[in-house]
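Heads up: the structure comes next, in structure tokens.
Naming convention: chains lettered A, B, ... in sequence-line order (proteins, then strands); numbering from 1 in each chain.
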Protein chains: 2
Amino acid sequence: MATISDVARVAGVSVSTVSYAINGSRPISEATRLRVFAAMDALSYQPHAMARGLASKRSRILGLHFPMEDRGLGFTELEFVVGAADTAFAGGYHLILSPLMSEQPRELLQLTQQGLVDGVILMEVLQDDPRVEALRALRFPFAMIGRCADNRGIDYVDTDFESTMSDAVCYLAALGHTSLAYITQSHQTFDSGYGPVVRTCATFTQTLLQHDIAGAIYFCGASAADGNAILRTIFEEQPAVTALLAMNDRALVGIVQGLDDLGYSLPADISLVTLVSSMRIGELFRPPVTTFAVPSSEMARLGVELLIDRLENPAHPIRQLLIPCTMVDQGSAAAPAHMHVVRV
Amino acid sequence: MATISDVARVAGVSVSTVSYAINGSRPISEATRLRVFAAMDALSYQPHAMARGLASKRSRILGLHFPMEDRGLGFTELEFVVGAADTAFAGGYHLILSPLMSEQPRELLQLTQQGLVDGVILMEVLQDDPRVEALRALRFPFAMIGRCADNRGIDYVDTDFESTMSDAVCYLAALGHTSLAYITQSHQTFDSGYGPVVRTCATFTQTLLQHDIAGAIYFCGASAADGNAILRTIFEEQPAVTALLAMNDRALVGIVQGLDDLGYSLPADISLVTLVSSMRIGELFRPPVTTFAVPSSEMARLGVELLIDRLENPAHPIRQLLIPCTMVDQGSAAAPAHMHVVRV
DNA sequence: TGGCTCCGTCGAAACGCTTCGATGCTCTCC
DNA sequence: GGAGAGCATCGAAGCGTTTCGACGGAGCCA
């Protein structure tokens, strides 16, 4: 409840001097600074965020924008949100959530035009994202967790889907697999241009060619039932398959169950790895599933840092970071069955 | 970028008239209102949040405070956060996250004293929570998702742990079980006075007495390994056990695995239900686990509504809501084995 | 027709901070 | 010893709203 002028009075200096002492925006003698700080905590003074924001035209609030659709929520999302809030806080910012159901930039514009947030972080970025257009047109500061087709002039941090997929395929190829199935997300997701799906599909195909092995992509909805169903499709269309790659956390249960139902055991009869999942997902199964784990917290941290840096040093060069997933071997992948046979 | 005085000029009225037209805080003639609104969207005017907050002393921002400790993050937490943000937005508010690692009220005070938030929502409330003391002393508006020992004068919404536990025990008793084990969270959690654990333990014991059946409580850490370990302890200490109740999502995997390892199958050899979990948890297993599911989104919504109502109608009576979990029967509980034998 | 009330509108004073220009002071150098 | 530079500090003008008191005009009743 104490205001800056109370502090000034107690410290015996002017209001502006207090302001300079707090913000360091002009040199202040050590003696004065000490008196000011003493007065501040005598009064347990807290600068008023709104007043500060109004005068300085900087709210020190960041917006986190993640549209939520049918993909739904998993562990990763929460890790992102929490990581982002933490980092923002550490940097002296606050984080506002705008979990808008649609991707329409309208409400986003509202948020930015109200002077509430200094910048926004975009999650779940599409290849061709209307939010990006809008923000760009407004010249409003933002950073992305994810990336789109044209990323010129945009700071972002994203999972390195290309290298992750390539790592995964190489890993399985090295184990001796020659017929892979990649279970990704829904066809609509692909068509909407959702980067993770688009990129991994491209890299999957490409890497297969490089290794000269067979494989196919299967689109799969976000439920256990979908996972279960796709499994049957796979075995029908591609009976020789020996290893499965999945990037669909919500269908994974169905896949694991389905394998068990069909009498396949991991990794003796078939290999399975999950891509771009939270560490915690793979642990949920029995046996646990080898995971190419997405470093959610780190990405969130980097995303926020990118944005804060942009706000505070607009002249810094653009930074675009790709973080590969790290493999956590949980034993659900091994050499294919025929290899065992050969060995015998 | 347009300000209220631009709008006033274009509409040919005074600044205060525009303000009244926007906020409805004084009667304005229909003709004038129309001109004002026309001017507003001609200029695509957005009121400046900081200026408004400063002048009105209401930021229209809510703080969501959830300390995160070893219990870690699950589906429920995210559902809370998202539900809260949605409801806040619908009510014309924004939601700020303060995921502070500690329960120390210091940073909370900072948040409130900066005039940044109009009110806060407390999650993960302890029986005797320092945050509650602090907020009370400040006469700062808040609502809780959860409750503490002394809830006088506090709006809250909480899971009805008592009725949920009692429902669960009754359900199992009705199936014919006479020896139960309740696997709850860690002993430290209990000792720290965490409401959900304290209350369910009390009710468990009480309900056993009412039904005159046997049972014991087992404290269990928040990992699959802990779940696995506790299972062995249970079978040693209570060999006659036929049904397990668990309120520990992170240990649940270990429990389910452990049962399988020991050759018990659900529900033929033993029954299992999980309490106060997200709907999504039970579905993750095979067979799925019968869940007394916590209505996270609804609770979040109610919590936010409680707070907003308190802010806008301070005179309204205090509301304290208990929401029972609803059972989702997934088939992991059935009559105990000896009953089958009897039938044969 | 004069005196009321009531309605719609206006002007100006906050709200608590930042920031710009100005001012005095001390120190240095010819 | 006086001009010049540099440092620490001050006063005041904003920032874009809300809100309070006031005011003019219309409508009513006596």
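- Counting non-hydrogen atoms of neighbouring residues, nucleotides and ligands closer than 6.0 angstrom, the CG atom of A:D128 reaches no more than 12 such neighbours.
- Within 6.0 Å of CG in B:N23 there are more than 12 heavy atoms belonging to other residues, nucleotides or ligands.
- C:dC6 atom C1' lies 15 Å from atom CD1 of B:I28, rounded to whole Å.
- Residue A:Q113 contributes atom CD, which lies 13 Å from atom P of D:dG16 at whole-angstrom precision.
- Distance A:L116 CG to D:dG16 P: 15 Å, rounded to the nearest Å.
- When each of D:dA8, C:dT18, D:dG21 is scored by its nearest atom to the side-chain atoms of B:R26, the top-ranked nucleotide is D:dG21.
- Close to D:dT9, at under 4.0 Å from its OP1 or OP2, lies no side-chain N or O of A:T17.
- Regarding A:I22, its CD1 atom lies at a distance of 14 Å from the P atom of C:dG16, rounded to whole Å.
- We find that CG of B:D6 is positioned 9 Å from P of D:dG16, with the value rounded to whole Å.
- A:V15 comes within contact range of at least one nucleobase, with a heavy-atom separation under 4.0 Å.
- Of the candidates A:E124, A:Q188, A:Q127, A:E124 is the only one forming a side-chain contact (heavy atoms from CB on, under 4.5 Å) with A:Y194.
- The structure places CG of A:L306 at 11.5 Å from OG1 of A:T87, a figure rounded to the nearest 0.5 Å.
- Under 4.0 angstrom from either OP1 or OP2 of C:dT9 there lies at least one side-chain N or O belonging to B:S29.
- A salt bridge does not link B:D118 to B:K57: none of the charged nitrogens lies less than 4.0 Å from a carboxylate oxygen.
- Regarding A:I4, its CD1 atom lies at a distance of 8 Å from the C1' atom of C:dT18, rounded to whole Å.
- A:S16 comes within contact range of at least one nucleobase, with a heavy-atom separation under 4.0 Å.
- The side-chain contact (heavy atoms from CB on, under 4.5 Å) with A:I318 is formed by just one residue from the set A:I154, A:D155, A:N151; it is A:D155.
- The nearest heavy atom of DNA chain C to B:Y20 and to A:S19 marks one nucleotide each, and the one closer to the 5' end goes with B:Y20.
- For DNA chain C, the residues of residues 36-59 of chain B within the heavy-atom distance limit of 4.0 Å (strictly under) are B:L54, B:A55, B:K57, sorted by number.
- Atom-to-atom, CZ of B:R33 to P of C:dC7 comes out at 15 Å; the value is rounded to the nearest Å.
- By the 4.5 Å heavy-atom criterion applied to side chains, A:L126 and A:R131 are not counted as neighbours.
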